[in-house]
Amino acid sequence: MREGWIPKEALAYKEEESKRAFQDGRLLFLRNWPYAYVGASAPGSKVAGKVGAVPLPGPDGPGTSVLGGSNLAISTHARHPDSAARLLAYLTGERVQRQVLTRGALPPVRADLYEDPELIEAFPYLPTLRQSVLAAAPRPKSPHYDQVSLAVQAVVHDAMTGHETPGSAVRRLARELAAISRR
């Protein structure tokens with residue numbers, strides 16, 4: 001921020017604004033879902049042919065990403081559990097998961113698709129995405145996750161804009177998280 005590598009206006013960007021700014025060549029880095037890679041590599045993008053994907057950085061090498069997913073489940077109270085199970089099998093099957101990737105540029109749930117040479121040619125980031133998925137960890141559990149997320153966002157914003165020193169921000173965040181956990 002101080003040296004201008006991150007434009008100040010980027011702190012107010014929502015997801016699509018940041019994706020658009022990256023595609024227009026106004027941002028050097030973008031942390032986003034895989035669908036952003038497709039848009040940045042598409043004809044008309046000012047960064048087409050100049051985009052790569054790497055794992056999130058960590059203190060001693062690659063960092064840890066968070067697990068997400070489709071969160072498909074069958075209720076124990078389902079009136080038609082066999083039909084529901086067949087639907088889940090269909091949605092997580094190879095054909096549909098291939099479409100999830102090729103039509104939606106979303107991460108497939110099937111490990112074999114990350115190693116398919118044809119898909120890797122079309123989506124060169126797949127090996128990196130596979131590495132990130134395998135190294136992912138669950139988000140911290142908290143009954144107040146929304147409050148935790150808002151506290152982290154506010155404190156990091158203040159540190160990034162220079163309204164607070166990084167050391168002061170860390171101390172403030174520790175206090176705010178402790179207060180949230182006591183609720």
*If every non-hydrogen atom of Ala73 is compared with every non-hydrogen atom of Leu88, which pair is closest and at what distance?*
N-CD2, 4.0 Å
*Do Arg110 side-chain atoms and Thr92 backbone N/O form a donor-acceptor pair below 3.5 Å?*
yes
*Linked, directly or transitively: Val148 and Leu173 (ILVMFWY side chains, under 4.5 Å)*: yes
*asked:* Here's a test for you: under side chain to side chain contact (heavy atoms under 4.5 Å, CB included), which of Glu15, Glu17, Glu16 qualifies with Lys19?
replied: Glu16
*Going only through I, L, V, M, F, W and Y residues with side-chain contacts under 4.5 Å, is there a path from Trp5 to Leu30?*
no
*Taking Ser149 for the side chain and Tyr145 for the main chain, is one N or O donor matched with an acceptor at less than 3.5 Å?*
no
*Any Val133 side-chain heavy atom under 4.5 Å of Arg130 side chain*: no
*Atom CG of Asp116 and atom CD of Glu121: how far apart are they, to the nearest 0.5 Å?*
10.5 Å
*Kindly give the heavy-atom pair with the smallest separation between Gly104 and Tyr35, and that separation in Å.*
O-CB, 3.9 Å
*asked:* For the CG atom of Leu56 and the CZ atom of Arg31, what is their distance to the nearest 0.5 Å?
replied: 5.0 Å
*Go through the steps to decide whether Ser75 and His77 satisfy the test side-chain hydrogen bond (donor to acceptor under 3.5 Å, both in side chains), and finish with yes or no.*
CA-CA 5 Å; Ser75 168; His77 305 291; 5.2 Å; no
_With a 4.5 Å cut-off on side-chain heavy-atom distances among I, L, V, M, F, W and Y, is there a chain of contacts connecting Val152 to Leu11?_
yes
_How close do Gln131 and Pro62 get, counting heavy atoms only, and between which atoms?_
NE2-CG, 4.1 Å
*Are Tyr114 and Val38 co-members of a hydrophobic cluster defined by side-chain heavy atoms under 4.5 Å apart?*
yes
*So, do Arg98 and Leu119 sit near enough that their side-chain heavy atoms are less than 4.5 Å apart?*
yes
*Would you indicate whether the side-chain heavy atoms of Pro7 and Leu27 approach each other to under 4.5 Å?*
yes
_Exercise: identify the closest heavy-atom pair between Ala105 and Tyr125_ = O-OH, 4.1 Å
*Rounded to the nearest 0.5 Å, how far does CZ of Phe123 lie from CD of Glu118?*
10.0 Å
*Out of curiosity, Asp158 CG to Gln153 CD, how far, rounded to the nearest 0.5 Å?*
10.5 Å
_Within 6.0 Å of CD in Glu9, more than 12 heavy atoms from elsewhere_ = yes
*Does the side chain of Ser83 pick up a donor-acceptor pair with the side chain of Arg86 at under 3.5 Å?*
yes
_For the student: nearest non-hydrogen atoms of Leu129 and Pro107, plus distance_ = CD2-CB, 3.9 Å
_Are there over 12 heavy-atom neighbours, none belonging to Arg183, within less than 6.0 Å of that residue's CZ?_
yes
*Judged by atom type as modelled, is there a donor-acceptor pair below 3.5 Å linking the side chain of Thr64 to the main-chain atoms of Ala137?*
no
*asked:* Going by side chain to side chain contact (heavy atoms under 4.5 Å, CB included), Gln97 matches just one of Leu91, Leu113, Thr102, Leu106. Which one?
replied: Leu113
*So, for Ser45 and Gln23, which heavy atoms are closest and what is the spacing to 0.1 Å?*
OG-O, 3.3 Å
*Report whether Val51 and Leu126 are members of the same hydrophobic cluster (ILVMFWY, side-chain heavy atoms less than 4.5 Å apart, transitive linking).*
yes
*What's the spacing between Ser41 OG and Lys50 NZ if we round to 0.5 Å?*
12.0 Å
*How many angstroms lie between atom NE2 of His157 and atom CD of Glu164, to the nearest 0.5 angstrom?*
12.0 Å
*Can any side-chain N or O of Asp24 pair as donor or acceptor with the backbone N or O of Arg26 at less than 3.5 Å?*
no
_Side chain to side chain, Ile6 and Phe29, heavy atoms closer than 4.5 Å_ = no
